[in-house]
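Take a look at the structure below.
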Amino acid sequence: MPKANGHKRQGSSAATSPYAKTSKVAKNAAANTIFKMNTDLGQHILKNPGVAKAIVDKANLKPTDHVLEVGPGTGNLTVLILAAAKRVTAVEMDPRMAAELTKRVQSNPADSKRLNILLGDVIKTELPPFDVCISNTPYQISSPLVFKLLALDKPPRSCVLMFQREFALRLFAKPGDKLYSRLSVNAQMWAKVSHVMKVGRNNFNPPPAVESNVVRLEPKVPRPQISYDEWDGLLRICFVRKNRTLRAAFLTTSVVLEMLSANYRVWCAQNDIIITDEEEPEEAVAEGEAMEIDGAAEEEEWGGIAEDGDDDELPDFFKEHQKAQTRQGNPNRKRKGKVAEIVREKVRKVLEDETELAEKRARLCDESDFLKLLYAFNKEGIHFN
């Protein structure tokens with residue numbers, strides 16, 4: 001009996017001990033602590049194996065493919081990709097996730113040898129050549145990732161990418177749609193965009209605030225024979241305020257004219273064209289300032305801001321101009337040179353005479369309109385890169 005009592009007391013003591021958890025519970029608790037998802041990094045792990053399999057199936061992988069996976073997380077897509085492709089390069093921002101993915105494939109030496117994990121920001125990482133990109137895309141890098149993939153000198157065969165629903169819809173938007181933007185024009189210029197599937201928020205852990213869509217981007221072959229930097233540079237100016245007329249976007253924005261003037265000087269130097277940069281008469285300066293005031297009035301009419309949902313970033317030269325304004329006051333009042341007047345006349349000629357698009361707004365222009373603009377500007381020696 002004493003032994004029994006002693007055993008009972010032992011059991012009671014064990015039951016009340018803070019260390020009485022089973023090893024399984026302890027492991028689960030540790031895992032939950034270590035892998036608390038960082039939603040600030042857009043971490044929403046795809047937990048539904050059926051959806052994961054459907055995404056990989058829709059990528060139409062070949063046994064010889066090298067696949068780039070962006071944001072592999074704990075590897076739910078990665079292991080399926082490894083089963084269908086020759087090699088996988090996974091780019092992961094979070095060291096915890098990279099370590100978990102490494103552990104997950106260690107039990108299979110064949111898979112481990114075919115997986116290369118790059119730790120860092122995919123937007124800043126130099127990527128190896130690859131055939132297909134698959135991504136459960138962190139929402140913060142959706143736009144930069146699309147632009148990076150489209151701008152690659154050797155683009156992949158296809159990209160199967162999951163995005164928040166509104167962002168995905170912007171890829172399909174047409175002229176006149178509320179979501180039509182620089183992203184829409186670029187995506188449709190350089191790739192065939194198709195919808196793959198809708199994915200409900202409950203298929204993720206933790207669930208995101210919005211629904212998701214999977215889209216496929218298939219870069220056009222042959223690639224359009226224009227410079228990506230030139231094309232994107234033109235679109236950046238047009239879509240800074242997509243509700244402004246193109247006349248206002250180009251002729252009444254001094255920083256745009258300054259940038260185009262600088263590029264024109266470079267073009268003239270490269271083509272052995274001699275130009276002088278004498279200052280304009282006072283009357284010409286006053287007239288130029290009047291045009292800029294008119295443009296400011298038009299911008300005020302439209303609120304002077306980008307529309308909701310249009311997250312196209314300001315071009316660098318706009319940011320630099322804003323800093324200069326803060327430091328030096330209004331730079332529009334400085335005397336303008338002869339080159340600036342030549343460039344202003346060339347821009348006017350392109351918008352009014354060559355393309356007749358001066359009064360059209362970027363949100364209503366289609367791909368052919370932007371191609372007309374780029375061709376006409378380049379013919380006049382005006383460049384955007």
Side-chain angles (χ1 to χ4, degrees), residues 31-32 34-62 65-142 144-146 148-149 152 156-164 167 196-197 199 203-208 212-217:
N32 288 336
I34 295 171
F35 288 105
K36 182 177 181 181
M37 302 305 169
N38 186 346
T39 53
D40 289 339
L41 291 179
Q43 288 180 349
H44 299 279
I45 302 299
L46 180 62
K47 66 180 183 180
N48 187 326
V51 174
K53 183 178 184 304
I55 290 173
V56 175
D57 289 345
K58 293 293 184 180
N60 299 319
L61 297 178
K62 301 175 182 178
D65 279 341
H66 178 192
V67 178
L68 172 72
E69 185 184 6
V70 179
T74 56
N76 293 342
L77 280 170
T78 315
V79 292
L80 297 175
I81 299 170
L82 283 167
K86 183 178 181 180
R87 286 188 298 144
V88 176
T89 295
V91 185
E92 175 56 59
M93 186 79 167
D94 190 338
R96 303 172 307 156
M97 296 295 178
E100 177 65 16
L101 178 56
T102 301
K103 286 192 293 182
R104 185 167 182 174
V105 299
Q106 273 178 346
S107 59
N108 188 332
D111 283 354
S112 183
K113 288 179 181 178
R114 294 186 295 117
L115 173 64
N116 178 31
I117 301 175
L118 301 179
L119 186 61
D121 182 349
V122 67
I123 307 304
K124 300 175 182 177
T125 300
E126 185 175 349
L127 301 174
F130 57 95
D131 302 297
V132 177
C133 177
I134 298 176
S135 173
N136 174 17
T137 314
Y139 63 88
Q140 295 95 331
I141 65 166
S142 297
L145 178 63
V146 170
K148 178 161 185 168
L149 293 172
L152 290 172
R157 183 174 75 247
S158 68
C159 305
V160 178
L161 312 169
M162 181 137 56
F163 297 119
Q164 290 187 348
F167 182 88
V196 175
M197 69 175 79
V199 181
N203 292 289
F204 300 89
N205 178 35
S212 298
N213 283 53
V214 178
V215 301
R216 181 188 289 108
L217 299 179

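Just so you know, these numbers use all the heavy atoms, side chains as well, and skip hydrogens, waters and symmetry mates. Start at 1 with the first residue, then count along the sequence.
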Identify the heavy atoms of [X] and [Y] that sit nearest to each other, and give their distance.
X     : Y      : answer
Ala54 : Met197 : CB-CE, 3.5 Å
Ile45 : Gly73  : CD1-CA, 4.0 Å
Asp65 : Lys62  : OD2-N, 2.7 Å

Atom pair [atom1] ([X]) and [atom2] ([Y]), whose distance is rounded to the nearest 0.5 Å:
X      : Y      : atom1 : atom2 : result
Ile134 : Ile55  : CD1   : CD1   : 8.5 Å
Leu101 : Arg104 : CG    : CZ    : 8.0 Å
Ser135 : Ile141 : OG    : CD1   : 6.0 Å

Is the closest side-chain heavy-atom distance between [X] and [Y] below 4.5 Å?
X      : Y      : value
Ser212 : Phe204 : yes
Arg216 : Cys159 : no
Ser158 : Val132 : yes
Pro128 : His66  : yes
Val196 : Met162 : no

Item to check | Sole residue of Asn136, Val214, Leu149 in side chain to side chain contact (heavy atoms under 4.5 Å, CB included) with Leu161 | outcome: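 Running side chain to side chain contact (heavy atoms under 4.5 Å, CB included) over Asn136, Val214, Leu149 with Leu161 returns exactly one hit, Leu149.
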Go through the structure and list residues passing side chain to side chain contact (heavy atoms under 4.5 Å, CB included) with [X], not counting sequence neighbours.
X      : result
Ala52  : Leu46, Leu77, Leu80
Glu126 : none
Pro207 : Arg201, Asn202
Lys47  : Asn205

Holding to side-chain hydrogen bond (donor to acceptor under 3.5 Å, both in side chains), I want the full list of residues that pass it with [X], two or more places apart in sequence or in another chain.
X      : answer
Lys53  : Asp57
Asn213 : Arg165, His195
Asn48  : Asn203
Glu69  : Thr78

Next on the checklist: So, using salt bridge (Lys or Arg N to Asp or Glu O under 4.0 Å) as the criterion, who are the partners of Asp131 when residues are at least two apart?
Outcome noted: none
Next on the checklist: For a side-chain contact (heavy atoms from CB on, under 4.5 Å) check, start with the C-alpha distance between Thr137 and Phe167, then their side-chain angles and the critical distance, and finish with the verdict.
Outcome noted: CA-CA 11 Å; Thr137 314; Phe167 182 88; over 6 Å; no
Next on the checklist: If you count heavy atoms of other groups shown closer than 6.0 angstrom to CZ of Arg87, is the number above 12?
Outcome noted: no
Checklist entry - Any chance NZ of Lys148 has more than 12 other-residue heavy atoms, nucleotides or ligands included, within less than 6.0 Å? => result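 More than 12 within 6.0 Å, yes.
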Next on the checklist: Applying side-chain contact (heavy atoms from CB on, under 4.5 Å) to Leu61 and Val56, what does each step give before you reach the verdict?
Outcome noted: CA-CA 8 Å; Leu61 297 178; Val56 175; 4.0 Å; yes
Checklist entry - Would a distance-only check, ignoring hydrogens and angles, find a side-chain to backbone donor-acceptor pair under 3.5 Å from Ser112 to Asn108? => result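 Side chain of Ser112 to backbone of Asn108, a donor-acceptor pair under 3.5 Å: no, none is there.
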Name the atoms and distances for all side-chain donor-acceptor pairs under 3.5 Å in residues 114-125, with sequence neighbours left out.
from: Arg114; atom 1: NE; to: Ala110; atom 2: O; distance (Å): 3.4
from: Arg114; atom 1: NH1; to: Leu82; atom 2: O; distance (Å): 3.0
from: Arg114; atom 1: NH1; to: Ala85; atom 2: O; distance (Å): 2.8
from: Arg114; atom 1: NH1; to: Lys86; atom 2: O; distance (Å): 3.2
from: Arg114; atom 1: NH2; to: Leu82; atom 2: O; distance (Å): 3.0
from: Arg114; atom 1: NH2; to: Asp111; atom 2: OD1; distance (Å): 2.6
from: Asp121; atom 1: OD1; to: Ile123; atom 2: N; distance (Å): 2.9
from: Thr125; atom 1: OG1; to: Asp121; atom 2: O; distance (Å): 2.6

